[in-house]
Amino acid sequence: MATYLSPLAPQRADPYLYKHTNGKYYFTATCPKYDHLEIRCADTVNGIATAPARTVWKKHAFGALACHIWAPELHYIMGKWVIYFAAGHKPHIWDIRPYALICKGSDPMKDAWEEEPVPMQPAKNDPYPFTDFSLDMTVFEHRGRWYAVWAQKFGCERAEKPISDLLIAELETPTKLKTVFTRITSPDYDWERDGGFWVNEGPAVLKGPETKGKIYLTFSASATGACYCMGMLRADEDSDLLDPRSWQKDRWPVLKTDEKLKVFGPGHNCFVRGDENEVLTLLHFRDYEKIHGDPLNDHNRHAHVLKVRFAEDGCPIFKLNPDELYNTPYENEKQKNINA
């Protein structure tokens, strides 16, 4: 059985790993300074750890796209390489919206990328998507249709800490929605409201022969410290994915902090096939609980690999294995005197 490095990528939060039809792995994540987009490519999962990073875009100095360059995902969709990511505004730093950066060619590591990212566009006659704090967009294909899922807050001008929900819509193009949005989860439970924030974000979709006719969607909840955790939704693969009644949410988180294993605030995951075609999830977490100052200024959320197990009915199981944790040397920013 394959053994994967832990951490795979230090100081890389919101990790996203994609395996293309050419067998190569492509990796991107939030960079510590929140100022650029980079991608890596390797023939194996572990190869990502030492693969050189290519910077494909840098933030603007002012206005839109000038700060909080967060949670990029690299997808091959409708014949194009696209990086979906969130970006804020300067000086209005919390005016965060989703954007798409499109590659001009067929090789994301060598070919040129468009100079300007494209803001995501809502469907006709739907005035609500992307009009308020919106981020963490992911896309997935099911039976020939492409869907987008993202987190969005409503009422930011009226509430000090607005609620972050997960919304879904079908895509018409890589950068425009085809249908009006549907809300599929809101932070209903106490574990989704911990740390002073009511949050559902970071969606990731899992489907395949192992899931036995179900589509699973994991997400992250609560504030970004040790209370951060992973929840899960499920839907029948034959159901209407744009109908909120098709989605059921698990009552309890599927992965949370484990102090004994030094896993604090696990979340913002993605799914990928591993070197042996097994199902893996990449996610980030810290190795300590206490954070000094703003958690957004603590960049020690390292990217780790976790092997996904499955119950007899196809339900994914996320179990931390001490034999698979912290098996390679790494440094925290405090050790590098970056975040002392």
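When reading the values below, keep in mind they use all heavy atoms of this one structure, side chains included, and skip hydrogens, waters and symmetry mates.
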Q) Would Arg54 and Cys41 satisfy side-chain contact (heavy atoms from CB on, under 4.5 Å), going step by step from the backbone distance to the final call? A) CA-CA 9 Å; Arg54 180 194 180 192; Cys41 179; over 6 Å; no
Q. Please walk me through it: do Trp150 and Phe130 pass ring-ring contact (aromatic ring centres under 6.0 Å, His included)?
A. CA-CA 10 Å; Trp150 71 99; Phe130 322 128; 5.0 Å; yes
**Q.** Test log, rule salt bridge (charged side-chain N to carboxylate O under 4.0 Å, His left out), inputs Asp238 and Arg143
**A.** CA-CA 10 Å; Asp238 296 327; Arg143 295 181 176 173; 2.8 Å; yes
Q | Working for ring-ring contact (aromatic ring centres under 6.0 Å, His included), residues Trp70 and His268 | A | CA-CA 12 Å; Trp70 285 349; His268 205 120; 9.9 Å; no
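Counting heavy atoms from C-beta on, the side chains of Tyr216 and Val308 never come closer than 4.5 Å. Side chains of Thr224 and Phe197 form no contact here, defined as non-hydrogen atoms less than 4.5 Å apart. Side-chain contact between Lys212 and Asp313 is absent, with no heavy atoms from C-beta onward closer than 4.5 Å. The shortest side-chain heavy-atom distance between Glu38 and Cys31 falls under the 4.5 Å cut-off. Between Thr3 and Asp323 there is no side-chain heavy-atom pair separated by less than 4.5 Å. Side-chain contact between Pro316 and Val279 is absent, with no heavy-atom pair separated by less than 4.5 Å. Between Trp247 and Ile168, some side-chain heavy-atom pair lies under the 4.5 Å cut-off. Looking only at side-chain heavy atoms (C-beta outward), Tyr84 and Thr138 stay at 4.5 Å or farther from each other.
Counting non-hydrogen atoms of other residues, nucleotides and ligands closer than 6.0 Å to NZ of Lys19 gives a total above 12. Counted within 6.0 Å of NZ on Lys319, heavy atoms from surrounding residues, nucleotides or ligands total 12 or fewer; the atom is thus considered open. Surrounding OH of Tyr128 are at most 12 heavy atoms belonging to other residues, nucleotides or ligands under 6.0 Å away. For Lys207, the NZ atom counts as densely surrounded, since its 6.0 Å shell holds more than 12 non-hydrogen atoms of other residues, nucleotides or ligands. No more than 12 heavy atoms of other residues, nucleotides or ligands sit less than 6.0 Å from atom NZ of Lys124. Shown here is Arg251, whose CZ atom has more than 12 heavy atoms of other residues, nucleotides or ligands within 6.0 Å.
Using a distance-only test at 3.5 Å, with no hydrogens or angles considered, a donor-acceptor pair links the side chain of Arg193 to the main chain of Pro187. Looking only at distances, a side-chain donor or acceptor of Thr179 sits under 3.5 Å from a matching main-chain atom of Glu170. In this structure a side-chain-to-backbone donor-acceptor pair under 3.5 Å is present from Arg40 to Ile48. In terms of modelled atom types and a separation under 3.5 Å, the side chain of Asp275 and the main chain of Val45 share a donor-acceptor contact. One N or O on the side chain of Asp111 and one on the backbone of Ser106 form a donor-acceptor pair closer than 3.5 Å. Without hydrogens or angle criteria, Arg97 side chain to Thr131 main chain gives a donor-acceptor distance under 3.5 Å. Between the side chain of Gln11 and the backbone N or O of Glu331 there is at least one donor-acceptor pair closer than 3.5 Å. Judged by distance alone, with hydrogens and angles left aside, the side-chain atoms of His299 form a donor-acceptor pair with the main-chain N or O of Pro32 at under 3.5 Å.
The pair Glu210-Arg273 meets the salt-bridge criterion, since a charged nitrogen lies less than 4.0 angstrom from a carboxylate oxygen. Under the 4.0 Å criterion applied to side-chain N and carboxylate O atoms, Glu276 and Lys307 are not assigned as salt-bridge partners. Under the 4.0 Å criterion applied to side-chain N and carboxylate O atoms, Lys249 and Glu192 are assigned as salt-bridge partners.
For the atom pair NE2 of His304 and OG1 of Thr328, the computed distance is 10.5 Å after rounding to the nearest 0.5 Å. Between Arg145 atom CZ and Leu171 atom CG the span is 11.0 Å, to the nearest 0.5 Å. Between Thr173 atom OG1 and Lys178 atom NZ the span is 11.0 Å, to the nearest 0.5 Å. Of the inter-residue distances, the one linking Glu237 atom CD with Ser246 atom OG reads 12.5 Å to the nearest 0.5 angstrom. With rounding to the nearest 0.5 Å, the separation of CZ in Phe264 from CG in Asn300 is 13.0 Å. Distance check, rounded to the nearest 0.5 Å: CE of Met120 to OG1 of Thr175 gives 6.0 Å.
Residue Leu17 is grouped with residue Tyr4 when hydrophobic side chains (ILVMFWY) are merged at heavy-atom distances under 4.5 angstrom, including chains of intermediate members. The hydrophobic cluster containing Tyr99 also contains Val56, counting ILVMFWY residues as joined when their side-chain heavy atoms lie under 4.5 angstrom apart, directly or transitively. Under the 4.5 Å side-chain contact rule for hydrophobic residues, Ile102 and Trp146 share a cluster. Under a hydrophobic-cluster definition in which Ile, Leu, Val, Met, Phe, Trp and Tyr are linked whenever side-chain heavy atoms come within less than 4.5 Å, directly or via other members, Tyr18 and Ile83 are assigned to the same cluster. Criterion: ILVMFWY side-chain heavy atoms under 4.5 Å apart, direct or through other members. Under it, Met230 and Leu261 are part of a common hydrophobic cluster.
Between the side chains of Thr30 and Asp14, a donor-acceptor pair is found at a separation under 3.5 Å. With hydrogens and angles left out, the side-chain atoms of Asn332 and His302 include a donor and acceptor closer than 3.5 Å. Remark: the Tyr228 side chain and the Glu201 side chain contain an N/O donor-acceptor pair separated by less than 3.5 Å. A donor-acceptor contact closer than 3.5 angstrom links the side chains of Asp165 and Ser186. In this structure, a donor-acceptor pair under 3.5 Å is present between the side chains of Asp287 and Tyr330. Between the side chains of Glu116 and His60, a donor-acceptor pair is found at a separation under 3.5 Å.
Tyr147 and His142 have their aromatic ring centers separated by at least 6.0 angstrom. Remark: aromatic rings of Trp81 and His20 are close, center separation under 6.0 Å.
What you find for Tyr16 and Leu74 is that their closest heavy atoms are CE2-O, 3.2 Å. Across all their heavy atoms, Asn327 and Ser6 have their closest contact at OD1-N, 2.8 Å. When all heavy atoms of Trp191 and Asp250 are compared, the closest pair comes out as CZ2-O, 3.8 Å. Glu73 approaches Pro203 most closely through the heavy-atom pair OE2-O, 4.2 Å. Nearest heavy atom pair, residue Leu8 against residue Val305, reads CD2-CG2, 4.0 Å. Minimum interatomic distance between Ala226 and Glu289 (heavy atoms only, all atoms of both residues): CB-CG, 3.9 Å.
Remark: of the listed residues Asp236, Ile215, Val205, Thr182, Ile215 is the sole one forming a side chain to side chain contact (heavy atoms under 4.5 Å, CB included) with Leu241. A side chain to side chain contact (heavy atoms under 4.5 Å, CB included) with Thr218 holds for exactly one of Asn269, Thr281, Leu283; it is Asn269.
Cation-pi geometry between Lys262 and Tyr326 is satisfied (NZ or CZ under 6.0 Å from the ring centre, within 45° of the ring normal).
Relative ring orientation between Phe85 and Trp57 is described as tilted, the plane-to-plane angle lying within the 30° to 60° band.
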